[in-house]
Amino acid sequence: MVKMALAMVELALLLSLMLVMPIASAAGNGFKCPKAFWTFGDSLSDTGNSQTTFPSASRLYPPYSTSFTFRDKPGFNRFSDGRLIVDFISLAFGHPYYGTYAHALNGANYVRGANFAYAGATANATTFVTPIHLNLQVDNFLNFKSKALDTGFYFPDPKGPYQPVWNAFSDGAYYIPEIGGIDLIVATSVLNLPSPVVIASFVPAAVAAVKTAITTLHDSGARLFFIGNTPPQGCNPAQLTQFFNRTKDALLCVDDINAINRAYGAALQQALEDLRTSLGGDGTQIFLMDNYNASIEIFTNPATYGFTNTQQACCGSGGPYNYNSAFTCGNIGSCCQGQSACATPGSYVSWDGIHYTEAFYRQIAKFFLNGQFVTPALNLAAECGLKFDDFYKKS
Ligand SMILES: *[C@@H]1O[C@H](CO)[C@@H](O)[C@H](O)[C@H]1NC(C)=O
Ligand SMILES: *[C@@H]1O[C@H](CO)[C@@H](O)[C@H](O)[C@H]1NC(C)=O
Ligand SMILES: *[C@@H]1O[C@H](CO)[C@@H](O)[C@H](O)[C@H]1NC(C)=O
């Protein structure tokens, strides 16, 4: 009886605590909607840095960018038929497209943030495709920030220089939509290493680099982070073509490649958990955007999201997966191979065998903005009153 009464008191206490304690949602933890986005990553997020810095090395020829006409910039800056996840994020927040770091000298407007992602970038401090790996991007950001602070242009300052309404750096989100994918592709597809070796060395090296990047940004004042894991690369037409004779999983993707991406995701999740503990207490919030599971949802239920082809590249030059590494999309070396796209890019997941279509990026952005595949729970659309009106426009 006494025990039961105690239990009742405990229950009552618990209930009253639950009433006063905010539910463990981001909103209850003092979440503030980001006023700017500072983006880092590789070709899944690069909106022009590599094209500007290395024009001959990575020129993107038509049919890249055929699905969307960028009014303010040349259209061939993105590794897709149109917009990337970061573009949809800027649209939803009502921000202009985030200027690129490489265009910083051209007087672009960085009040809403900037993009430091480079196609081919690894997380680990190595050069495989481009030297601008993740932590060099962070260095670029720090240089950019100190110059911006010198000139003061980062204040959207309607009331004059002494009354900034917000600060694009301290009130911004630090966003790595995806990194690590190149580390893993180089290990598997170029160096031909078996998956246990990749999981034992490349996965921890990449995750350690992400941890360093977050810590460095945090030390410079960053408090809000959105970090993506790697998508299931074993479902890419490039990997399906190269590893055609390996075991496939239930989704007909290369099993041991996807296992590497899952290992990366698990290691990243643990690293973010550690960082929440070590950096917590000063308002730092770190959200995981789960590219892997979001993509698996699309591969599992493609029709639900308007996709009819999950296995072949929309733009390629034949073969079972419409991918040929000798004549990739936009190839100009030999007449016509790789120079045409499928008629309906919007129904394809893969654009060029390695990168995704605008339609795929749009759906992934919608998931994240609507709070799906985000941990801890956060519904940005609801919290920040986001709109999706312009997601289907063509220019
Ligand atoms: C990570 O980068 C370091 C520094 O360049 C290099 O020594 C190491 O071999 C790299 N690790 C992997 C797995 O590529
Ligand atoms: C797959 O093909 C490659 C290249 O032809 C060959 O070296 C390898 O032994 C094959 N593996 C299996 C499991 O058949
Ligand atoms: C992804 O989905 C798997 C299977 O449902 C789950 O075990 C895993 O925790 C999910 N990953 C994340 C980061 O939530």
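Hydrogens, waters and symmetry mates are skipped; everything else that's a heavy atom, side chains included, is used. Note that the coordinates shown come from a computational prediction; the quantities given were computed from them, not determined experimentally. Note that ligands are numbered from 1 as they come in the structure, with each ligand's atoms numbered from 1 the same way. Position 1 is the first residue of the sequence; numbering continues from there.
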Is the centre of the Phe141 ring less than 6.0 Å from the centre of the Phe169 ring? yes
Going by distance only, is there an N or O of Asp290 that falls short of 3.5 Å from an N or O of ligand 3? yes
What pair of heavy atoms forms the shortest contact from Ile332 to Gln339, and how long is it? CA-NE2, 3.8 Å
Contact bool for atom 14 (O) of ligand 3 (protein heavy atom, d < 4.0 Å): yes
Identify the closest protein heavy atom to atom 11 (N) of ligand 3: which residue and atom is it, and at what distance? Asn293 ND2, 2.8 Å
Go through the side-chain N and O atoms of Asn301 and Glu297 and say whether any donor and acceptor fall under 3.5 Å apart. yes
Using a 4.0 Å cutoff against the non-hydrogen atoms of Thr126, which atoms of ligand 1 qualify? 1 (C), 2 (O), 5 (O), 10 (C)
Output yes when a protein non-hydrogen atom is found under 4.0 Å of atom 2 (O) of ligand 1, and no otherwise. yes
What about the rings of Phe226 and Phe368, do their centers lie closer together than 6.0 Å? no
Give a yes/no on whether the SG-to-SG distance for Cys315 versus Cys342 is below 2.5 Å. no
Element-labelled atoms of ligand 3 that are located less than 4.0 Å from some non-hydrogen atom of Leu288: 13 (C)
Heavy atoms of the protein only: does one fall short of 4.0 Å from atom 7 (O) of ligand 1? no
Taking all non-hydrogen atoms of both residues into account, name the closest pair between Asp282 and Thr284 and its distance. OD1-OG1, 2.6 Å
Which of the numbered atoms in ligand 1 are below 4.0 angstrom from a heavy atom of Ala125? 4 (C), 5 (O)
Between Trp351 and Phe79, is the gap from one ring center to the other below 6.0 Å? no
Tell me the protein heavy atom at minimum distance from atom 12 (C) of ligand 1, and give that distance in Å. Asn124 ND2, 3.3 Å
